Amino acid sequence: MEVQRLRILQLHSNFIEYQPIKKEIATAEKCEKKKQQLEELVVLFTCVEKGDDEAVARKAVEEVKSSLQQLKVNKVLIYPYAHLSSNLAKPVAALKVLKAMEKHAKEAGIETYRTPFGWCKQFSISIKGHPLAEQSKVVLPTEGEEKEVVSKALKAEEKLKPSWFILQPDGKMVPVESFNFSGHENLEKFARNEIKKVRAVQQVPPHVKLMRRLEIADYEPGSDPGNFRWYPKGSLIKSLLEQFVTQKVAEYGAMEVETPIMYDFQHPSLAKYLDRFPARQYVLESGEKELFLRFSACFGQFLMAHDAQFSYRQLPLRIYELTKYSFRREKSGELVGLRRLRAFTMPDCHALCADLDQAKKEFLVRSELCREVLKNGLEFGKDDYEVAIRFTNDFFEENKDFIVSLVQQMDKPVLVEMWEERFFYFILKWEFNFLDNLNKASALSTDQIDIENAERYDITYVDEKGERRHPLILHCSPSGAIERCVYAMLEKAYREQQKENVPILPLWLSPVQVRVIPVSDKFIEDAEKIANEIERHRIRTDLDDRPLMIRKKIREAETEWINYMLVIGQKEIESGILSVRDRKAREIKEMQLQEFIGEVKKKVEGMPFKLLTLPRRLSARPRFFG
RNA sequence: GCCCCGAUAGCUCAGUGGCCAGAGCAACGGCUUUGUAAGCCGUAGGUCGCGGGUUCAAAUCCCGCCCGGGGCUCCA
């Protein structure tokens with residue numbers, strides 16, 4: 001990484017006279033094109049380089065201040081001057097630093113002026129002739145200091161001191177320390193994890209091996225960390241999950257939309273929102289514009305809602321997008337396999353509600369939706385996740401019954417995080433958290449009640465009296481990130497394997513549901529006919545036509561987690577009765593073809609279907625891993 | 001991002017200063033025509049992550065970077 005430094009040319013002057021002539025960049029500050037004159041001052045020609053931040057600005061002011069004391073002057077002009085460097089910061093960042101310098105200087109009691117940023121200016125300067133009159137300063141960032149721009153929300157979160165409780169479905173709320181966790185071991189692990197007392201063992205989470213061995217997904221060294229490649233099988237699984245969640249959300253009544261993945265930093269609503277969201281962004285430069293990649297669908301949907309017109313009669317208004325992708329520039333040390341990515345697919349569903357009453361009702365409908373998505377999609381029941389509910393003190397006092405009814409819906413004790421003060425844009429939030437084999441918790445489904453953004457984005461509806469009002473906004477991801485769902489299923493499968501159960505994916509998600517295995521190449525054609533018939537019923541079927549021994553083919557099908565294996569030989573062809581190896585049930589059953597097809601179809605009824613795009617014959621398939 | 005650890009054939013790994021760097025699996029070729037978790041023989045495959053340095057000599061020691069992992073921290 002290049003070393004960044006703030007460069008200042010410091011000139012002790014008799015006077016300076018300057019006049020803005022012409023804007024140099026689109027993002028120039030507003031100002032009058034009037035001639036200005038200042039006398040007996042120190043002029044700071046300042047150049048902000050890439051990576052400079054407010055800490056550097058503060059340090060620069062400190063250094064300038066000590067010079068001022070020497071020179072016995074207390075007046076400065078901060079003059080943006082790009083020509084001192086070839087490694088300039090972007091305009092937005094530079095202006096931030098200059099403003100920070102101005103602020104710190106004023107706070108330090110210095111009479112401070114600043115010329116407008118982004119203008120081509122004419123100036124005349126008279127410099128004093130003493131040895132200290134002309135100095136140049138290079139301010140380096142302090143070692144170890146936070147160099148990146150961090151949102152206020154992220155900083156605020158660091159200072160949060162919440163209290164922790166366990167809330168039971170019967171409405172009893174007890175402090176975490178005095179809760180009896182017996183029978184709720186996962187909740188205990190989760191609570192400790194959240195309150196941060198655990199030390200995890202040094203280990204790679206097991207899903208990483210699985211995601212590669214099963215040819216689902218893999219790291220892509222050619223990209224940025226946390227941006228994955230998806231092999232055909234993984235792409236199928238991911239796509240099916242996406243289809244399923246989208247279908248459930250449509251049934252719930254949301255309108256599906258699509259919005260851009262990148263946004264203008266300069267947009268006023270967005271700038272304010274960025275500061276309230278605890279996440280880091282990817283930024284990219286395009287021409288003179290500075291853009292950031294979305295980290296959720298909020299921007300696009302809110303801007304859309306801002307331009308839409310609707311009244312209380314249309315509320316709650318539900319808007320949905322499957323973001324492919326959302327981007328968060330997570331710190332590199334936080335990225336692990338599919339648990340946490342920098343580019344991820346997130347179903348994001350907002351509901352605009354007239355008032356808190358409506359929001360609360362809607363909230364319960366949506367939590368039911370989330371539970372269903374996990375239950376039917378991932379086959380995750382309430383034992384597979386722990387619930388956290390987070391809210392402010394005030395909200396709890398005023399909405400106790402509602403929160404208890406939410407917990408009753410969850411049907412198990414939940415972890416409560418309660419804040420004295422509201423730091424975020426929401427007043428209430430819950431998530432379902434999955435605990436992996438290293439006892440790390442990751443949120444899947446989540447929902448929140450947002451009371452700030454309707455105003456920030458100026459989203460309004462017309463109420464009964466014809467007046468414009470800001471709705472409340474619910475933010476929900478019914479499944480959480482799709483990649484994270486895959487992670488959770490793999491981790492769960494591994495856990496089952498440790499318990500000597502069969503590791504397996506839900507049948508509807510298995511890339512290969514049925515594998516037909518001819519005993520020798522004499523039976524390949526017969527096997528093909530059977531495979532055709534099964535696939536005609538929308539069951540993913542392939543054919544192991546390789547010249548290998550049966551037991552080897554069976555072994556490979558087992559390690560690929562294929563649900564059913566049909567061995568085809570003389571016996572089957574003559575009798576018409578199939579030998580079906582049911583992997584999950586760990587048994588070999590004899591049955592008619594149509595009977596078998598019926599059994600499989602029944603198990604995947606109502607779930608989305610897609611064909612696997614790998615060649616049916618294994619001999620024609622590439623190997624992506626191993 | 002910081003601290004610590006790692007990287008050798010497509011995969012899993014052996015090799016810690018000294019001849020042309022090894023094994024198993026996979027791939028490819030041949031034999032075998034196979035009945036429910038690994039048949040036999042052979043062939044090919046390596047810029048030892050990348051770049052620099054130390055040395056008569058570097059996969060091996062040193063520095064920087066990339067990628068991965070763990071921790072701190074944080075989230076969907």
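Naming: A, B, ... by sequence-line order, numbering from 1 per chain. Fair warning: this is a prediction, and the values are worked out from it, not measured in the lab.
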Of the listed nucleotides B:U33, B:G35, B:G1, the one nearest the side chain of A:Asp521: B:U33
C1' gap between B:C20 and B:G24, integer Å: 23 Å
As a quick check of understanding, evaluate ring-ring contact (aromatic ring centres under 6.0 Å, His included) for A:Phe292 and A:Phe299, giving each step before the final call. CA-CA 11 Å; A:Phe292 67 90; A:Phe299 314 100; 5.1 Å; yes
How close or far is atom C1' of B:G35 from atom CD of A:Glu590, stated in whole angstroms? 12 Å
To the nearest angstrom, how far is A:Arg328 atom CZ from B:C74 atom P? 15 Å
Tell whether A:Arg340 reaches the base of B:C74 with its side chain through a donor-acceptor pair below 3.5 angstrom. yes
Quickly work out the A:Phe523 CZ to B:U34 P distance and round it to whole Å. 8 Å
Tell me what A:Val208 touches on the nucleic acid: a base, only sugar-phosphate, or nothing, going by heavy atoms under 4.0 Å. nothing
Using a cut-off of 4.0 Å on non-hydrogen atoms, how would the nucleic acid contact of A:Ala488 be classed: base, sugar-phosphate, or nothing? nothing
Would you say the base of B:A26 and the side-chain of A:Arg623 have a donor-acceptor pair closer than 3.5 Å? no
Considering Watson-Crick and G-U wobble pairs with both distances under 3.5 Å, what does B:A7 pair with? none
Sugar-phosphate, base or nothing in reach of A:Glu572, heavy atoms under 4.0 Å: base
Among B:G39, B:U32, B:G35, the one nearest any side-chain atom of A:Pro547 is B:U32
Please determine, for the side chain of A:Lys440, which listed nucleotide (B:A37, B:G35, B:U73) has the closest atom? B:U73
B:G35 -> Watson-Crick or G-U wobble partner, both distances under 3.5 Å, gives none
Select base, sugar-phosphate, or nothing to describe what A:Pro478 touches, counting heavy atoms under 4.0 Å on all strands. nothing
Mind checking the C1' distance from B:C72 to B:A14? Whole angstroms is fine. 34 Å
Nearest to the side chain of A:Ile550 - B:U12, B:G35, B:G70? B:G35
Heavy atoms only, 4.0 Å cut-off, all strands: where does A:Met549 land among base, sugar-phosphate and nothing? base
For atom CZ of A:Arg212 and atom P of B:C67, their distance in whole Å: 15 Å
Quote, to the nearest angstrom, the C1' distance that separates B:A26 from B:G45. 11 Å
Less than 4.0 Å between a side-chain N and a carboxylate O, is that true for A:Arg371 and A:Glu368? yes
Which residue lies toward the 5' end of RNA chain B, A:Thr446 or A:Ser223, if each is placed at its nearest nucleotide? A:Ser223
Can you check the distance between B:A27 and B:G10, where both ends of the measurement are the P atom (answer in whole Å)? 15 Å
Atom NZ of A:Lys209: over 12 foreign heavy atoms under 6.0 Å: no
Just verifying a value: how many Å separate A:Ser235 OG and A:Glu242 CD, rounded to the nearest 0.5 Å? 8.0 Å
Qualifying residue, where the test is ring-ring contact (aromatic ring centres under 6.0 Å, His included) with A:His475 and the options are A:Phe426, A:Tyr425, A:Tyr320: A:Tyr425
Select base, sugar-phosphate, or nothing to describe what A:Lys209 touches, counting heavy atoms under 4.0 Å on all strands. nothing
Examine B:A26: is either OP1 or OP2 under 4.0 Å from a nitrogen or oxygen in the side chain of A:Lys552? Give yes or no. yes
Between B:A37 atom C1' and A:Asp544 atom CG, what is the distance in whole Å? 13 Å
Atom pair distance, as rounded to whole Å: CZ in A:Arg546 and C1' in B:G30: 18 Å
Rounded C1' spacing from B:A38 to B:U34 in Å: 14 Å
Atom C1', compared across B:A9 and B:A21: separation rounded to whole Å: 11 Å
In whole Å, what separates the C1' atom of B:G64 from that of B:C19? 32 Å
Considering only B:G35, B:U33, B:U73, which nucleotide approaches the side chain of A:Lys522 most closely? B:U33
Take the protein atom CZ of A:Arg339 and the nucleotide atom P of B:C74, then report the distance between them rounded to whole Å. 15 Å
On a plain distance test, is the side chain of A:Glu330 in donor-acceptor contact with the base of B:G1 below 3.5 Å? no
Looking at A:Glu258, I want to see if its CD is surrounded by more than 12 non-hydrogen atoms of other residues, nucleotides or ligands under 6.0 Å. no
Quick one: label A:Gln570 by what it contacts on the DNA or RNA (base, sugar-phosphate, nothing), any heavy atom closer than 4.0 Å. base
Give a yes-or-no answer on whether the side chains of A:Asp348 and A:Ser477 include a donor-acceptor pair shorter than 3.5 Å. no
Do A:Thr259 and A:Glu321 meet the criterion of a side-chain donor-acceptor pair at a distance under 3.5 Å? yes
Between B:C74 (C1') and A:Glu417 (CD): distance, integer Å: 12 Å
Check every strand shown and say whether A:Phe344 touches a base, only sugar-phosphate, or nothing at a heavy-atom separation below 4.0 Å. base
B:U60 to B:A7 separation - C1' atoms, rounded to the nearest Å: 14 Å
Using Watson-Crick or G-U wobble geometry with both distances below 3.5 Å, tell me the partner of B:C61, or none. B:G53
Between A:Ala443 and A:Ser579, name the one whose nearest nucleotide on RNA chain B is closer to the 5' end. A:Ser579
Look at all strands and tell whether A:Leu341 reaches a base, only sugar-phosphate, or nothing, counting heavy atoms closer than 4.0 Å. base
Looking at A:Arg581, I'd like to know whether one of its side-chain N or O atoms comes within less than 4.0 Å of OP1 or OP2 on B:A37. yes
Closest listed nucleotide, where the reference is the side chain of A:Pro225 and the choices are B:G35, B:U32, B:G68: B:G68
Can you confirm if the aromatic rings of A:Phe434 and A:Phe380 lie within a centre distance of less than 6.0 Å? yes
